[in-house]
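A, B, ... follow the sequence lines: proteins, then strands. Residue 1 opens every chain. Everything numeric here is computed off the predicted structure, so don't read it as measured data.
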There are 4 protein chains.
Amino acid sequence: MNKKSIVLQTTLELITKQGIQATSLSQIIKDSGVANGTVYHHFKNKEEIITELYLMLTQDFGTVVMRNIPEDDLKKQFTIMWHNLFDYFVNNPLAFVFSEQIARSPEIPQSLKDKARQYYNEIEAYFRKGIKDKVFKSYNTTVMEELFFGNVVSLVKIHENENVKLLDKHINQAIDISWKGFLRD
Amino acid sequence: MNKKSIVLQTTLELITKQGIQATSLSQIIKDSGVANGTVYHHFKNKEEIITELYLMLTQDFGTVVMRNIPEDDLKKQFTIMWHNLFDYFVNNPLAFVFSEQIARSPEIPQSLKDKARQYYNEIEAYFRKGIKDKVFKSYNTTVMEELFFGNVVSLVKIHENENVKLLDKHINQAIDISWKGFLRD
Amino acid sequence: MNKKSIVLQTTLELITKQGIQATSLSQIIKDSGVANGTVYHHFKNKEEIITELYLMLTQDFGTVVMRNIPEDDLKKQFTIMWHNLFDYFVNNPLAFVFSEQIARSPEIPQSLKDKARQYYNEIEAYFRKGIKDKVFKSYNTTVMEELFFGNVVSLVKIHENENVKLLDKHINQAIDISWKGFLRD
Amino acid sequence: MNKKSIVLQTTLELITKQGIQATSLSQIIKDSGVANGTVYHHFKNKEEIITELYLMLTQDFGTVVMRNIPEDDLKKQFTIMWHNLFDYFVNNPLAFVFSEQIARSPEIPQSLKDKARQYYNEIEAYFRKGIKDKVFKSYNTTVMEELFFGNVVSLVKIHENENVKLLDKHINQAIDISWKGFLRD
DNA sequence: TATGAATGAGCATTCATTCAT
DNA sequence: AATGAATGAATGCTCATTCAT
């Protein structure tokens with residue numbers, strides 16, 4: 001494992017623990033056991049470490065959401081999309097931190113934000129089809145996407161922060177709530 | 001307007017613009033046109049400014065959500081709660097920033113986080129009643145609260161960030177989706 | 001003597017010894033026995049220390065050159081101007097360093113360069129009069145000024161660097177050479 | 001063109017633009033498109049690059065000043081020496097930068113300074129002869145050399161910095177002034 | 001000959017905080 | 001209540017240089 005990877009890995013751990021802003025370069029340097037200049041040999045500046053990390057973590061994002069989606073059964077598709085996203089965030093806490101911070105943080109460059117928004121396309125297509133198939137009510141798709149995404153985020157937050165142990169049944173309840181909301185009356 | 005208020009007001013504006021972490025005390029001092037020591041005369045340290053600001057902004061929070069709630073009509077109550085929360089966040093961007101950051105930020109003391117969770121009590125009571133009245137399905141109330149809250153947040157985010165102009169009809173759609181999700185089949 | 005003055009004095013000494021570029025802030029801090037932050041309390045940045053120092057040293061520059069200039073005797077005026085400038089540079093090594101660096105250094109802001117060029121006005125007036133009085137040949141005055149100034153600089157350099165002890169007689173020789181060059185044939 | 005030459009050429013350009021001190025090795029490396037270690041393969045350290053560059057540029061210096069000097073006509077010799085030096089500096093800006101910085105800069109080793117002073121020998125010999133021939137007044141030759149040299153430098157500075165367009169006539173005026181200064185009364 | 005990973009001292013600057021007035 | 005001088009740890013970053021390949 002080369003120094004560059006060590007730096008990335010250390011940064012990943014620190015950011016997951018403390019957030020982006022609270023993670024200083026000196027801490028990264030200290031924790032990774034790498035020399036000051038070594039970091040700057042591999043990265044132009046602090047931002048580049050974070051950007052690179054972000055790209056590493058999110059390059060599979062788009063594919064992840066749509067992984068193992070079966071054909072033609074809209075409800076099944078919904079459930080699996082939901083699980084895919086939930087599992088992804090649970091297993092990639094940094095990706096979650098990033099996706100939460102993207103909305104506001106000025107330190108994430110716009111290009112990254114744009115890139116992050118690509119995965120919406122497939123989700124949007126999904127909702128469009130649901131509306132066309134008369135399964136979903138014809139809500140605004142941006143609203144639908146945002147609510148869908150937000151619901152997953154809500155559950156991840158419970159998973160992360162609550163003392164309440166989050167059980168499969170709770171997740172299924174959430175998926176149920178989420179799904180029902182979009183249906184035609 | 002006394003110096004203390006000026007400091008608080010300046011901090012409010014800066015945090016709303018830049019986030020908590022990005023707002024330094026020196027910037028607060030510079031922007032508020034107040035002397036270094038004056039800030040420390042009124043506040044023990046930086047954290048106290050933020051805490052005080054947070055308390056100022058959130059002390060009305062609990063009452064706000066339950067303002068003008070009519071009796072006995074669960075759907076009407078839901079709609080008004082939803083609007084109350086949405087309007088509150090839209091009109092108090094800092095309260096929104098805080099509520100978003102509370103979940104993760106290590107610099108918000110636990111006591112504040114606990115305090116922030118009080119408003120859940122009334123929302124929880126609401127959902128409990130809905131379940132008892134056989135209007136809502138008997139989902140876990142934590143899940144319900146979190147999804148309800150998250151749905152509002154999602155719309156606020158659209159309101160804030162999207163180029164899409166958020167219309168009343170979109171809000172009504174969101175409320176509709178949100179409400180339907182909780183219903184018994 | 002307050003800390004600000006100490007910093008300025010220390011910087012003056014260091015720059016005189018080592019030049020501007022070779023003088024680091026940490027050295028200024030170490031030598032002046034002042035805390036890191038104290039420097040930045042008084043000065044916006046390193047450049048401001050140098051600028052302030054420069055303004056302090058050069059504000060008397062214009063008056064210095066024309067000090068004690070007798071009326072009507074062009075030769076006597078020349079001699080005294082020459083001595084004034086020479087003595088000034090010898091007694092204000094930093095002013096000399098600055099005036100030498102002004103021509104090239106990109107780190108001296110243009111405003112300062114402009115200010116420095118003001119003293120030329122009086123010297124130019126002097127040469128103009130000499131030409132009008134038919135004492136000097138009608139050379140281009142910019143050339144005359146630059147050569148006059150350069151001659152003083154040449155002698156200051158000898159004074160500074162040569163192992164040769166610079167005697168009054170050498171200075172008088174230089175003035176003689178300098179003067180004769182401008183005369184009508 | 002081998003890597004060593006590329007490094008030298010790049011350094012030459014950077015120093016001419018920015019001065020010696022402002023030119024960092026990393027910049028040289030970046031601009032020359034050469035690897036880090038390659039520089040250190042060819043040069044012991046940064047100083048050696050500058051030294052080598054300096055030697056390259058000044059090895060012809062001595063011969064340049066005395067190029068095409070006719071025999072026996074002291075005035076003609078003076079004029080050509082003057083032009084030689086002026087043209088050399090105008091065409092070799094770096095040589096000019098060096099010659100200007102040599103006097104003060106502590107980073108030019110003494111050995112180089114000594115070497116640079118060799119060309120004075122021939123100029124000194126010239127002035128000695130002028131004095132012996134009773135054309136020049138018997139001024140101190142160091143003073144004469146320094147003034148002669150300084151006069152050329154003054155004109156080069158006008159050439160470089162002034163908005164005033166420097167014409168041949170101005171140069172001839174300068175030579176005239178310079179020459180007359182040294183003459184016997 | 002050429003490379004580029006690695007180093008750590010050093011740099012200018014910002015930060016939250018203390019304290020005497 | 002208000003000021004602002006003073007502090008020094010910490011930050012992000014640049015530097016010249018070494019060394020194994």
Side-chain angles (χ1 to χ4, degrees), chain A residues 2-7 21-30 32-50, chain B residues 2-4 6-7 21-30 32-50 107, chain C residues 2-7 21-30 32-50, chain D residues 2-4 6-7 21-30 32-50 107:
Chain A
N2 64 5
K3 303 269 173 168
K4 183 173 178 180
S5 307
I6 292 173
V7 169
Q21 299 252 28
T23 302
S24 74
L25 243 172
S26 18
Q27 207 182 359
I28 294 172
I29 286 158
K30 211 169 288 168
S32 59
V34 149
N36 199 339
T38 305
V39 173
Y40 281 90
H41 176 68
H42 291 289
F43 306 93
K44 220 184 75 214
N45 50 32
K46 191 191 169 188
E47 191 188 326
E48 201 177 77
I49 306 179
I50 291 168
Chain B
N2 64 6
K3 302 273 175 172
K4 184 174 176 179
I6 292 173
V7 170
Q21 300 252 26
T23 300
S24 74
L25 213 82
S26 21
Q27 206 183 357
I28 293 170
I29 286 159
K30 210 170 288 168
S32 59
V34 148
N36 201 347
T38 306
V39 173
Y40 280 90
H41 177 69
H42 291 290
F43 306 93
K44 216 186 79 212
N45 52 29
K46 189 193 170 187
E47 191 187 324
E48 202 178 76
I49 306 178
I50 290 168
E107 53 180 336
Chain C
N2 63 6
K3 302 269 174 169
K4 183 173 178 179
S5 308
I6 292 174
V7 169
Q21 300 251 26
T23 300
S24 75
L25 244 171
S26 18
Q27 207 181 358
I28 293 171
I29 285 158
K30 211 170 288 168
S32 58
V34 149
N36 201 338
T38 305
V39 173
Y40 281 89
H41 176 68
H42 292 289
F43 306 94
K44 219 184 76 215
N45 51 31
K46 191 190 167 187
E47 192 187 325
E48 200 177 77
I49 307 179
I50 290 168
Chain D
N2 63 7
K3 303 272 174 171
K4 183 174 176 179
I6 292 173
V7 170
Q21 299 251 29
T23 301
S24 74
L25 232 138
S26 20
Q27 206 183 358
I28 293 171
I29 285 160
K30 211 169 289 169
S32 60
V34 148
N36 201 347
T38 306
V39 173
Y40 280 89
H41 176 71
H42 291 290
F43 307 93
K44 216 185 79 212
N45 50 30
K46 190 192 170 187
E47 192 187 323
E48 201 178 78
I49 305 179
I50 291 169
E107 54 180 335

Quiz item: Taking the side chain as C-beta and beyond, is there a heavy-atom pair between C:Ile50 and C:Thr23 under 4.5 Å?
Solution: no
Exercise. Work out which heavy atom in A:Ile28 is nearest to a heavy atom in A:Val7; give both atom names and the distance.
Key: CG2-CG1, 4.0 Å
Quiz item: When the distance from CD of C:Glu47 to C1' of E:dT13 is rounded to whole Å, what number comes out?
Solution: 14 Å
Quiz item: For the pair made of CG in B:Asn36 and P in F:dA2, what is the distance, rounded to whole Å?
Solution: 15 Å
Exercise. Grab the CD1-P distance between D:Ile29 and E:dA2 for me, whole Å please.
Key: 15 Å
Exercise. Would you mind telling me which residue lines up with the more 5' stretch of DNA chain E, C:Gly37 or B:Lys44, judged by nearest nucleotide?
Key: C:Gly37
Quiz prompt | Residue met sooner reading DNA chain F from 5', once A:Asn45 and B:His42 are mapped to nucleotides | solution = B:His42
Self-check item: A:Lys46 NZ - F:dT11 C1' separation (whole Å)
Solution: 9 Å
Quiz item: How would you label the contact of B:Lys3 with the nucleic acid (heavy atoms, under 4.0 Å): base, sugar-phosphate, or nothing?
Solution: sugar-phosphate
Exercise. Using a 4.0 Å heavy-atom cut-off across all strands, classify B:Leu25 as base, sugar-phosphate, or nothing.
Key: base
Exercise. Round to a whole Å and report the spacing from OH of B:Tyr40 to P of F:dG4.
Key: 16 Å
Quiz item: Looking only at heavy atoms, what is the nearest atom pair of B:Phe43 and B:Glu48, with distance?
Solution: CA-OE1, 3.2 Å
Quiz item: Using purine N1 to pyrimidine N3 plus N6-O4 or O6-N4 for Watson-Crick, or N1-O2 and O6-N3 for G-U wobble, both under 3.5 Å, which nucleotide pairs with F:dA1?
Solution: none
Exercise. Rounded to the nearest angstrom, tell me the gap between atom CD1 in D:Ile28 and atom C1' in F:dT14.
Key: 14 Å
Exercise. Tell me what B:Ser24 touches on the nucleic acid: a base, only sugar-phosphate, or nothing, going by heavy atoms under 4.0 Å.
Key: sugar-phosphate
Practice problem: Give one of base, sugar-phosphate or nothing for B:Ser26, where a contact means two heavy atoms less than 4.0 Å apart. | Solution: sugar-phosphate
Self-check item: Distance, rounded to the nearest Å, where B:Gln21 contributes CD and E:dT14 contributes P
Solution: 19 Å
Quiz item: Could you state the CD-C1' distance from D:Glu48 to F:dT18, rounded to the nearest angstrom?
Solution: 16 Å
Quiz item: Considering heavy-atom distances to DNA chain F, does B:Val39 or D:Gln27 have its closest nucleotide positioned more toward the 5' end?
Solution: B:Val39
Self-check item: Minimum heavy-atom distance between D:Tyr40 and D:Asn45, given as atom pair plus value
Solution: CE2-CA, 4.0 Å
Exercise. Classify the nucleic acid contact of A:Asn2 as base, sugar-phosphate or nothing, counting any heavy atom under 4.0 Å across all strands shown.
Key: nothing
Practice problem: Counting Watson-Crick and G-U wobble pairs only, both distances under 3.5 Å, name the nucleotide matched with E:dA9, or none. | Solution: F:dT14
Quiz item: OP1 or OP2 of E:dA6 less than 4.0 angstrom from a side-chain nitrogen or oxygen of A:His41, does that happen here?
Solution: no
Quiz item: Taking all non-hydrogen atoms of both residues, which atom of C:Gln27 and which atom of C:Ala22 are closest, and how far apart?
Solution: OE1-O, 3.9 Å
